[in-house]
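Along the sequence shown, residues carry numbers from 1.
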Amino acid sequence: MKNIIQRIINIIKENFPNGVRADFIDANKIFRLYAANYHEEISRAKIIEIICKNGVENGGRYYFISASKVEEIQKLFAGILEKNSIAYYSEIYEKHSDFFARLQIFSIDVLKDFLLKLNDGNFYFEEFCATHESTRLETELEKIFALTEKTVNLETLQKNFPYVPTRKILEIISNTKKYLPIEGGYIPISKLQFDTKEIDAAKKMLMKITDENNYATFDNCDLSSNFALNPEVSEKNLRDVIFDKFFSVEFDKRGNRIFKKGYKNNSDYFMPDLRKFVAARQELSTDELFNFAKSLGVSKGSIHLPLRAANELMIRVEKNFFVKDALINFDIERIDAALNPFVQGKIIPLRAVTSFTGFPAVGAYTWNLFLLESFLRRFSKKYSFMAAGANVNNSNVGAIFPKSMNFKDYLELQVAAVIQEKIPLEKSAVENFLISQGYRNKKNDKIINGIISEISRRQEKI
């Protein structure tokens, strides 16, 4: 059987330089060649099986590289690796495209799959090859930096590694935990100099200020000696390095502000600054709002805080834009009247308002669910609005209900909505109802189970 496999492979190598398909047509060609050469027959199904098991598949074809081609490829790679510690297949294929075209290797994937099967003493990995198993680009770059006094530029690195893509080099030297960009190149952080006495004094100052004011900034401490020791590094980059290396155990940094470790990112602290910023604006985009919040140190997980401040003091006329109250004059009675046919004395999702035909004009602005939400939050005399949080995206999640109804929180409102619509107390049914109708925008097992438990508890009391 081994002889048959090798015979089939030899036939393919000699007669199918552009690859062979594992189908009846090519299998039939091989069948005829085999019968003519060896005066015996082999099933076409077996031929297809041999193709699939032994060839390198790419683009629907299987490739078998002849012994002469193998020898040429090995010679090329031996020459490359003799002068280079590491070489990426993409660069080899590009720099020697004519060579591979002559060998009728038209795909880098075919070349790579072939190399991974070689056993010639070199090491072939997923993206690159090397003469030593432990070779990695990161350690090879470190060797270059170690041989220079301080700075190495990208051009020097490219010259030392002609078979490494520039993007791969940049991925490593752009790691600000190990390297810093400076004028004329990059410098390893390991080669920076530090005045530890000055840094200790700065740390004590940060401790004192954060105890008194909850937060501090780098403006509160002196790092001038460290700046003088590393004149080629920007002050911002050096501050970041000093923070990570010396301060990060005791402190967190959020935007420009430094907090003692464990300090809670709570609304009681951030809301006064957010409200002050919002109150000073006539118009406000969400980008401006979020950028200011970020500068305060508000985390991504608390994005609802700046939106909460904007909702309290401005009107959201569309997804990404707020305006001052004075720019819109709501006809409250007519708007409430336009809502009557939708609400009908019940709890309804915000999305249930599907038309604004009966709503009075609002100046230069156009009615939409964001504008309606703002009206309901602060202006309506007949109706209230509740949601799990601020609507960050286009989901328009939340509920409208008459002011005569009172709910201590949004969980209680969802309980009332499920009861009102007589939804079966099965997890999937309750979950599908709340999400599809627009009371919620994502699954939360804890909340859904809590809603079902509360309804069950109420039913038991009846």
Pairs satisfying ring pair (Phe, Tyr, Trp, His ring centres under 6.0 Å), at least one member in residues 18-52, at least two apart: Y34-Y38
Which of parallel (below 30°), tilted (30 to 60°) and perpendicular (above 60°) describes H96 and F99? perpendicular
Hey, what do you get for CG (N122) to CD (E133), rounding to the nearest 0.5 Å? 12.5 Å
If you measure from the Lys or Arg side-chain nitrogens to the Asp or Glu carboxylate oxygens, is any gap between K236 and D240 under 4.0 Å? yes
Please, which pairs that meet salt bridge (charged side-chain N to carboxylate O under 4.0 Å, His left out) have at least one residue in residues 121-130, sequence neighbours excluded? K112-E126, E127-K168
Would you please say whether a donor-acceptor pair under 3.5 Å links the side chains of N28 and R44? yes
Starting at CD1 of I242, measure out to SG of C221 and round the result to the nearest 0.5 Å. 8.5 Å
Contact summary for T135 and S85, nearest pair of heavy atoms: CG2-O, 3.6 Å
Listing request: all ring pair (Phe, Tyr, Trp, His ring centres under 6.0 Å) pairs with a residue in residues 205-233, at least two apart in sequence or in separate chains. Y215-Y269
Does one side chain, of S285 or D287, offer a donor that lies under 3.5 Å from an acceptor on the other? no
Any idea how F77 and Y89 line up, ring-wise: parallel (<30°), tilted (30 to 60°), or perpendicular (>60°)? tilted
Apply side chain to side chain donor-acceptor pair (under 3.5 Å) to S234 and list each qualifying residue two or more places apart in sequence or on a separate chain. N237
Not counting sequence neighbours, which residues clear ring-ring contact (aromatic ring centres under 6.0 Å, His included) with Y439? List them please. F433
Of the non-hydrogen atoms in A390 and L307, which two are nearest, and what is the gap between them? CB-CB, 3.5 Å
Output, in order, the C-alpha distance, side-chain angles, deciding distance and verdict of ring pair (Phe, Tyr, Trp, His ring centres under 6.0 Å) for F145 and Y179. CA-CA 10 Å; F145 278 99; Y179 301 96; 4.7 Å; yes
To the closest 0.5 Å, what do you measure between CD1 (I451) and CD1 (I448)? 4.5 Å
Using every non-hydrogen atom in the two residues, find where P424 and V430 come nearest and quote the distance to one decimal. O-CG2, 3.5 Å
Using side chain to side chain contact (heavy atoms under 4.5 Å, CB included), reason through Y163 and F128 one step at a time and then give a plain yes or no. CA-CA 9 Å; Y163 286 97; F128 64 89; over 6 Å; no
Kindly state each residue pair satisfying salt bridge (charged side-chain N to carboxylate O under 4.0 Å, His left out) with at least one member in residues 198-207, sequence neighbours excluded. K203-E250
